[in-house]
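Whatever order the structure lists ligands and atoms in, that order sets their numbers, starting from 1. The analysis underlying the following values was restricted to heavy atoms, covering all of them including side chains, and did not include hydrogens, waters or symmetry mates.
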Amino acid sequence: MTVVTRFAPSPTGYLHIGGARTALFNYLFARHHGGKFLLRIEDTDRARSTQQAVDAILDSLTWLQLDWDGEPVYQFARAPRHAEAAHSLLEKGLAYRCYCSPEELAAMREEARAAGRPAGYNGYWRDRDPSEAPAGVDPVIRLKMPREGETTIDDLVQGPVTVANAQLDDMVLLRADGTPTYMLSVVVDDHDMGITHVIRGDDHLTNAFRQAALYRALGWDIPQFAHIPLINGPDGKKLSKRHGAVGAETYREDGFLPEAMCNYLTRLGWGHGDDEIFSRQQAIEWFDLAGVGRSAARFDTAKLTALNAHYIREADPARLVDEVVSRLEASGLPVDETGRARLAAGMEGLRERARTLVDLADAAAFYVRSLPLELDEKARKILDGEGAEVLRQLCPDLEAAPDFSRDALEALVRTFAEKNSMKLGQVAQPIRAALSGSSVSPPVFDVMEVLGRNETLDRIRGVL
Ligand code: GLU
C-alpha cells in the first residue's frame with residue numbers, strides 16, 4: 001500500500017503553528033514511507049474563506065519547504081460530487097430527508113436536556129413516510145447512523161477509542177440549500193484522493209466516529225486515523241495570541257529560519273530518543289507515528305530561539321547576506337556593492353551572537369551605514385571621556401600599519417596599549433564605538449579588517 005496523507009486547512013486566516021505542525025507530520029510520514037503528501041483547501045465556508053488566506057497558507061508551506069504532491073484540491077469546487085454521494089445514500093435507504101424546522105429542533109434539544117438524554121436529533125423523520133412531508137419546506141439529508149452497539153477507532157496515536165453509537169445522532173449530510181456539510185465533504189474528498197492516513201489535531205477525534213459510519217454507509221475503506229494532541233502555550237493553556245505570535249508568517253518576519261521552525265515543530269509532540277537537533281533528512285528517516293506522544297505539547301519560544309541561533313550559525317553565509325540585505329533595504333537602508341562585500345566578509349563575526357535574522361540585520365547595519373555614523377548613548381559616553389584622546393593618538397599608528405589584517409591589527413593595538421600603560425579594552429572600546437556607533441559589535445579587529453584602512457580611519461576621524 002502506498003501511503004497517502006493530506007493537509008486540509010480551512011483558509012480563514014494565516015497558517016498557525018498547530019496547522020504547520022500538522023502539515024509537517026503529514027509530510028514527514030508520507031516521505032518516510034515513500035508515499036504522497038497532498039494538500040486540500042477546505043474552502044466551503046464561503047463567508048470566511050478568502051483568497052488572501054489561501055495565498056498566505058501556500059506561502060507559509062512553501063517557506064517551510066513542505067512541498068505537497070500535485071495541485072491543491074479545492075473542496076468547494078467538489079460540492080456537486082459531495083451532493084451526489086449523499087443522494088446515492090438516499091437511494092439506498094441509508095440516508096433520509098428531514099423536514100424539521102429550526103423551532104422543532106430547538107424543542108427537541110430542550111426535551112432531551114430535560115430528560116437527561118444526549119441533545120442530538122431524535123430521528124423524527126428517520127422512518128416517517130415521505131408523504132407526510134410539509135409543503136414548501138426544503139429538507140436536509142441525514143445519515144442513518146447505527147443505533148445499537150459501539151464504534152471503535154484504532155487511532156494510531158490515541159490507541160483504541162470507543163463510543164456508544166447511541167451517542168451519535170443522525171448527522172446532516174446536505175443542508176436544505178443543497179450544500180454539503182464538513183462531515184460529508186471531508187469523507188468524500190479523503191476517499192476520492194485515496195488518503196490512507198488522516199493525521200490531524202485531536203480536536204477532530206469525535207468527528208472520526210461519525211466519519212467512520214459514513215465510510216461504512218458508502219461502502220468505502222476507512223483510512224487510518226492519527227489524532228495528534230494540540231499545542232499549548234508555556235502555561236499549559238491552549239496556544240493563542242496571548243502567548244505571542246501564533247502565525248507561521250509572523251515567525252518568518254521575526255527572523256526565524258524555516259529549518260529551525262521545522263526542527264522545533266517536529267520535536268513538539270514527537271521524539272526520537274534525546275535528539276534535539278536534526279536535519280530534514282534525519283527527520284524523514286526517523287519519523288513515525290509511534291513516536292508521537294499523547295499529551296499536549298508546550299510551545300516554548302526560548303527553545304525555538306535557541307535552535308534558531310544554532311541554525312543561523314550553521315547556515316550558508318551567502319544566504320544570510322541575502323537575508324540581511326533584504327531586511328536592511330526593507331527598513332530603508334540601501335545596500336551597495338561595498339556594503340554587500342562587507343556583510344559577506346563580516347558574517348562570521350556577526351552571526352555568532354544573533355538569535356534571529358532581525359538581530360543579525362540590526363547588528364550588521366553599521367557596516368552599510370553612510371558617514372557620519374550616528375552614535376548611541378553608550379558609544380557617545382565612551383568617546384566623550386578619554387576615548388577620543390586615545391583614538392587621536394592611535395591614528396598615526398593605524399595610518400602607518402604595514403598590514404591591516406585582524407591579527408596584525410590586534411598586535412598593533414596591544415603594543416599601543418602597553419606603551420601607554422592602558423588595558424586593551426581602553427583602546428578597543430573607543431575603536432568599537434567609532435566604527436560601529438555602539439558599544440557592542442563583532443570582535444573589533446575583525447571589524448577593522450572588514451572595513452579596511454580608509455574606512456576605519458574615516459570613521460575614527462569622523463568622531464574626533
Ligand atoms: N479543515 C479542517 C481544519 O482546518 C481539517 C479537517 C480534517 O483534517 O479532517 O480544522
Side-chain angles (χ1 to χ4, degrees), residues 3-30 36-61 64 66 68 72-79 81-82 85 143 153 155-158 161 171-173 179-215 218 220-231 238-240 246-249 265 269 289 292 296:
V3 164
V4 185
T5 66
R6 49 56 163 195
F7 177 51
S10 304
T12 54
Y14 48 72
L15 179 69
H16 56 84
I17 286 301
R21 191 194 51 164
T22 300
L24 181 62
F25 281 15
N26 276 284
Y27 168 92
L28 292 174
F29 187 75
K36 282 193 154 63
F37 168 58
L38 307 182
L39 180 61
R40 180 171 71 236
I41 304 293
E42 302 210 316
D43 55 351
T44 47
D45 184 341
R46 302 313 285 167
R48 294 175 60 224
S49 300
T50 65
Q51 186 58 44
Q52 205 183 356
V54 174
D55 294 343
I57 291 169
L58 298 186
D59 207 45
S60 291
L61 291 174
L64 293 168
L66 300 178
W68 56 92
V73 170
Y74 287 84
Q75 189 163 63
F76 177 67
R78 293 179 36 83
R81 162 73 180 137
H82 305 151
L143 181 68
I153 303 276
D155 193 276
L156 294 175
V157 171
Q158 309 288 335
V161 199
M171 64 179 167
V172 176
L173 300 176
T179 57
T181 57
Y182 156 71
M183 288 291 186
L184 175 64
S185 303
V186 101
V187 166
V188 175
D189 286 350
D190 281 340
H191 172 263
D192 288 1
M193 290 164 74
I195 303 302
T196 59
H197 294 76
V198 171
I199 305 169
R200 60 186 175 188
D202 67 8
D203 49 336
H204 285 288
L205 180 60
T206 53
N207 292 336
F209 298 115
R210 296 171 185 280
Q211 289 166 6
L214 186 49
Y215 277 103
L218 288 162
W220 295 341
D221 287 342
I222 304 177
Q224 299 259 5
F225 289 106
H227 288 94
I228 55 183
L230 299 183
I231 301 175
K238 191 172 180 280
L239 191 66
S240 75
V246 288
E249 65 196 283
L265 290 176
L289 292 168
V292 177

Atom 5 (C) of ligand 1 [closest protein heavy-atom partner, distance rounded to 0.1 Å] = A8 O, 3.3 Å
Give, for atom NE2 of H191 and atom OH of Y215, the distance between the pair rounded to the nearest 0.5 Å.
-> 8.5 Å
Hey, is the main chain of F7 close enough, under 3.5 Å, to the side chain of N26 for a donor-acceptor pair?
-> no
In the protein, which heavy atom is nearest to atom 4 (O) of ligand 1, and how far is it?
-> S10 OG, 3.3 Å
Would you call the rings of F37 and Y27 parallel, tilted or perpendicular, where under 30° means parallel and over 60° means perpendicular?
-> perpendicular
Measure the distances from the heavy atoms of F7 to every atom of ligand 1 and state whether one is below 4.0 angstrom.
-> no
R200 heavy atoms within 4.0 Å reach ligand 1 at atoms 7 (C), 8 (O), 9 (O)
Below 4.0 angstrom from a heavy atom of V186, which ligand 1 atoms are there? Numbered from 1 as shown, please.
-> 9 (O)
Stacked cation flag R78 on Y74, 6.0 angstrom / 45 deg = no
Relative to ligand 1, is R6 under 4.0 angstrom through side chain, backbone, both or neither, heavy atoms considered?
-> side chain
Just which atoms of ligand 1 are under 4.0 Å from any heavy atom in E42?
-> 1 (N), 2 (C), 5 (C), 6 (C)
Who's the nearest protein heavy-atom neighbour of atom 10 (O) of ligand 1, and how far?
-> H204 NE2, 2.9 Å
H16 meets the ring-ring contact (aromatic ring centres under 6.0 Å, His included) criterion, sequence neighbours left out, with none
Proximal ligand 1 atoms for Y182, defined as those under 4.0 Å from one of its heavy atoms | 6 (C), 7 (C), 9 (O)
If you measure from OH on Y182 to OG on S10, what distance do you get to the nearest 0.5 Å?
-> 8.0 Å
